[in-house]
Amino acid sequence: MKIIMHIDVNSAFLSWTSVENIKTGRGPDLRNVPSIIGGDSATRHGIVVAKSIPAKKYGIKTADTVASAFQRCPDLVMAPPDHGLYTRYSREMMQYIRSYTDMLEQASVDECYIQLDLPTRDAALAIAYQIKDGIRNKLGFTVNIGISDKKVLAKTASDFEKPDKIHTLFSEEIPDKMWHLPIETLFMAGKSSSAKLRGLGIRTIGDLANSDPTIIEAHLKSHGRMLYAFANGIDDRDVNPVREEPKGIGNSETTSHDIRTVEEAFPLIKRLSASVSARMEKKGYLAGTIVLEIKFSDFTKCSRQTPCRFAVKSSEEIENYAIRLYQEIMEQNLGRSIRLIGVRAVKLVKSEELPPEQLSISDIIKPTYKKDQKLQKTLDMIRDKYGESAIHKGKDNINF
DNA sequence: TCTGGGGTCCTAGGACCC
DNA sequence: TCTGGGGTCCTAGGACCC
């Protein structure tokens with residue numbers, strides 16, 4: 001029988017920091033005291049990235065501000081994030097789990113799905129215990145494992161009682177184990193969807209499962225259809241062990257103080273472009289489109305994108321596009337101060353897959369940037385003066 | 001008290017083509 | 001001069017995940 005497991009590290013960032021502290025003897029075990037991994041408030045990075053189980057008992061939640069976490073618990077212990085460390089521990093864990101099966105899909109740095117074909121549910125439980133205890137004994141941290149034959153149910157089950165626990169959630173267990181949970185705990189039911197569902201009188205996952213799906217869909221579109229299916233344990237997503245190509249590569253940064261001038265903005269855009277370029281280079285991608293994102297000091301967001309004339313990868317090229325987009329945004333938002341700038345490369349192509357036809361005449365002639373449409377302007381002028389039929393394309397695949 | 005950074009997917013509206 | 005519907009692509013914004 002097909003078995004899907006969801007394996008999730010308990011308080012991952014916090015556990016991994018603790019294991020490293022124990023190894024190096026340079027810090028405390030944070031797991032059994034109220035503690036958080038948090039950013040630096042002085043540089044406006046002050047949010048909770050991970051919390052210990054004791055910290056959770058104070059009502060501290062991920063993405064709370066560090067300040068509010070300390071208000072809830074003045075004795076809180078805090079450590080800074082270390083993403084390099086997390087990547088190392090993540091690799092070790094995935095490698096260990098692969099010794100059981102290659103049918104592994106990594107869902108994030110600290111969680112994965114595996115799919116197994118086993119004779120019985122008892123066999124599934126036995127293997128889950130082996131994996132859980134193996135990780136604890138060999139790597140020094142604990143995981144929760146959810147077992148089912150559906151991804152969404154395995155995922156939900158792994159979030160039941162923690163830490164170091166295994167739970168099953170098969171279809172016939174749904175009414176008992178899942179339907180009493182608040183709607184907010186359903187996978188993919190975030191703030192906005194939950195609020196809409198509450199507005200419809202839906203308070204639990206069971207309420208949603210037993211509601212009228214046409215009403216749900218009328219209010220939440222295709223997302224509503226998906227949530228209704230999840231609430232009923234319907235999920236045909238497969239465990240996909242093939243690493244998907246990334247759709248985009250980007251970096252953004254919240255600045256320690258608001259940006260008000262181009263003199264402050266340009267160096268940051270330059271740095272972000274250099275970082276994006278280096279990451280693309282490393283993975284062998286070129287970008288077909290560059291996106292610039294801005295978060296203003298009132299937290300409203302704004303983004304602009306532009307296709308590149310030719311696929312780009314160099315820091316200078318990315319920076320040029322990004323700066324023009326920045327100027328375009330700021331022309332429309334004169335005098336506003338900025339909290340965050342992001343640069344993102346999308347429409348990625350593998351560098352070795354670039355066809356030689358890339359440099360075709362239509363690529364050269366096709367105007368791709370608003371501010372650079374000299375050709376278009378000239379054409380418009382001619383048409384204004386001599387009429388629409390005065391000039392036209394000589395070949396179908398050349399778009400004026 | 002003062003709100004991160006990395007992503008993916010969906011939708012609505014407009015442009016453009018047939 | 002006006003009418004039109006379907007399909008596709010692009011952009012900006014929003015929702016969601018960890």
Side-chain angles (χ1 to χ4, degrees), chain A residues 6 8-9 11-13 36-51 60-72 74 80-81 83 86-87 90 106-112 151-152 155 158-159 184-197 220-227 230 237 244-256 258 272 275-276 279 288-307 325 328-329 332 339-348 366 368-370 376 393 396-397 399-400:
Chain A
H6 182 255
D8 195 320
V9 180
S11 311
F13 293 180
I36 57 170
I37 303 294
D40 181 359
S41 292
T43 56
R44 306 203 292 189
H45 292 198
I47 65 150
V48 175
V49 193
K51 61 197 180 300
I60 295 166
K61 295 189 285 290
T62 303
D64 281 351
T65 62
V66 166
S68 76
F70 274 98
Q71 277 185 341
R72 289 179 184 276
H83 290 279
Y86 309 150
T87 306
S90 177
Q106 189 166 348
S108 73
V109 71
D110 73 326
E111 56 178 293
C112 66
K151 270 183 163 181
V152 69
K155 165 97 179 157
S158 70
D159 209 36
E184 287 76 13
T185 62
L186 179 63
F187 179 60
M188 292 302 282
K191 224 179 166 185
S192 171
S193 303
S194 300
K196 280 184 196 163
L197 291 170
L220 289 107
K221 307 285 170 67
S222 67
H223 195 69
R225 200 186 324 147
M226 181 182 68
L227 293 178
F230 284 173
R237 294 173 304 151
E244 300 285 328
E245 297 283 323
K247 304 274 190 303
I249 296 177
N251 286 106
S252 62
E253 192 175 306
T254 295
T255 51
S256 54
D258 284 353
L272 294 168
S275 165
V276 169
R279 289 171 62 203
T289 293
I290 301 299
V291 187
L292 188 92
E293 187 200 6
I294 283 182
K295 193 193 280 177
F296 294 106
S297 42
D298 63 0
F299 280 83
T300 58
K301 285 182 206 163
C302 181
S303 73
R304 292 287 182 277
Q305 59 175 285
T306 179
L325 291 168
E328 190 182 314
I329 292 177
Q332 296 156 4
R339 179 184 178 88
L340 169 145
I341 299 181
V343 174
R344 164 164 291 268
V346 299
K347 302 242 163 80
L348 302 180
K366 186 160 63 183
T368 50
Y369 192 72
K370 266 191 207 154
Q376 196 63 46
K393 50 190 173 180
D396 237 354
N397 62 354
N399 298 309
F400 280 171

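Labels below follow one simple rule: chain letters A, B, ... track the order of the sequence lines, proteins then strands, and each chain is numbered from 1. Worth saying up front: this structure is predicted, and the values here are computed from it rather than measured.
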Please give, in whole Å, the distance from C:dC17 P to A:L227 CG?
-> 9 Å
What about A:S68, does its side chain sit under 3.5 Å from the base of B:dT1 through a donor-acceptor pair?
-> no
Any side-chain N or O of A:S193 less than 4.0 Å from the OP1 or OP2 oxygen of C:dC16?
-> yes
What's the spacing between A:R339 CZ and A:D298 CG if we round to 0.5 Å?
-> 10.5 Å
If the plane angle is over 60° it's perpendicular, under 30° parallel, otherwise tilted; pick one for A:F13 and A:H83.
-> perpendicular
Can you tell me if A:T62 and A:K51 form a side-chain donor-acceptor pair at under 3.5 Å?
-> yes
Between NZ of A:K295 and C1' of B:dG6 the distance, given in whole Å, is 13 Å
Does the side chain of A:I329 reach to within under 4.5 Å of the side chain of A:L292, using non-hydrogen atoms?
-> yes
Choosing from C:dC16, B:dG5, C:dC17, which nucleotide comes nearest the side chain of A:T254?
-> B:dG5
Those residues that, when tested against A:S192, pass side chain to side chain donor-acceptor pair (under 3.5 Å) (two or more places apart) = none
P-based separation of C:dC18 from B:dT3 [nearest Å] = 23 Å
Who passes salt bridge (charged side-chain N to carboxylate O under 4.0 Å, His left out) against A:D40, sequence neighbours left out?
-> none
For A:E253 and A:A67, take the nucleotide of DNA chain B holding the closest heavy atom to each; which residue's nucleotide lies nearer the 5' end?
-> A:A67
Roughly how far, to the nearest 0.5 Å, is OG of A:S252 from CD of A:E293?
-> 6.0 Å
Runs of at least three consecutive Watson-Crick or G-U pairs, both distances under 3.5 Å, are what I'm after; which ones involve DNA chain C?
-> B:5-18 with C:5-18
What does A:A107 touch in the nucleic acid at a heavy-atom separation under 4.0 angstrom: a base, only the sugar-phosphate, or nothing?
-> nothing
Under 4.0 Å between any heavy atoms, over every strand shown, what does A:D110 touch: base, sugar-phosphate, or nothing? Just pick one.
-> sugar-phosphate
Base, backbone or nothing for each nucleotide of nucleotides 7-12 of chain B, written B, S, -, heavy atoms under 4.0 angstrom, 5' to 3'?
-> SSSSSS
Could you give the CD-to-P distance, from A:Q71 to B:dT3, as a whole number of Å?
-> 13 Å
Tell me what A:F299 touches on the nucleic acid: a base, only sugar-phosphate, or nothing, going by heavy atoms under 4.0 Å.
-> base
Take the protein atom CZ of A:R72 and the nucleotide atom C1' of B:dT1, then report the distance between them rounded to whole Å.
-> 11 Å
Would you kindly give the NZ-to-C1' distance between A:K301 and C:dG13, to the nearest whole Å?
-> 9 Å
Tell me what A:G39 touches on the nucleic acid: a base, only sugar-phosphate, or nothing, going by heavy atoms under 4.0 Å.
-> nothing
Whole-Å distance separating the CG atom of A:L197 from the C1' atom of C:dC16 | 14 Å
Quick one: list whatever passes ring-ring contact (aromatic ring centres under 6.0 Å, His included) with A:F187, sequence neighbours left out.
-> A:F230
Send over the distance from A:I47 CD1 to B:dT1 C1', rounded to a whole Å.
-> 14 Å
Rounded distance [0.5 Å steps], CZ in A:R344 versus OG in A:S303 | 11.0 Å
Sequence neighbours left out, what passes side-chain contact (heavy atoms from CB on, under 4.5 Å) with A:P246? Give chain and number order.
-> A:Y285, A:L348
Starting at NE2 of A:H45 and ending at C1' of B:dT3, how long is that distance when rounded to a whole Å?
-> 12 Å
With heavy atoms under 4.0 Å as the rule, sort A:T62 into base, sugar-phosphate or nothing.
-> nothing
Describe the nucleic acid contact of A:T65 in one word from base, sugar-phosphate, nothing, applying a heavy-atom distance below 4.0 Å.
-> base
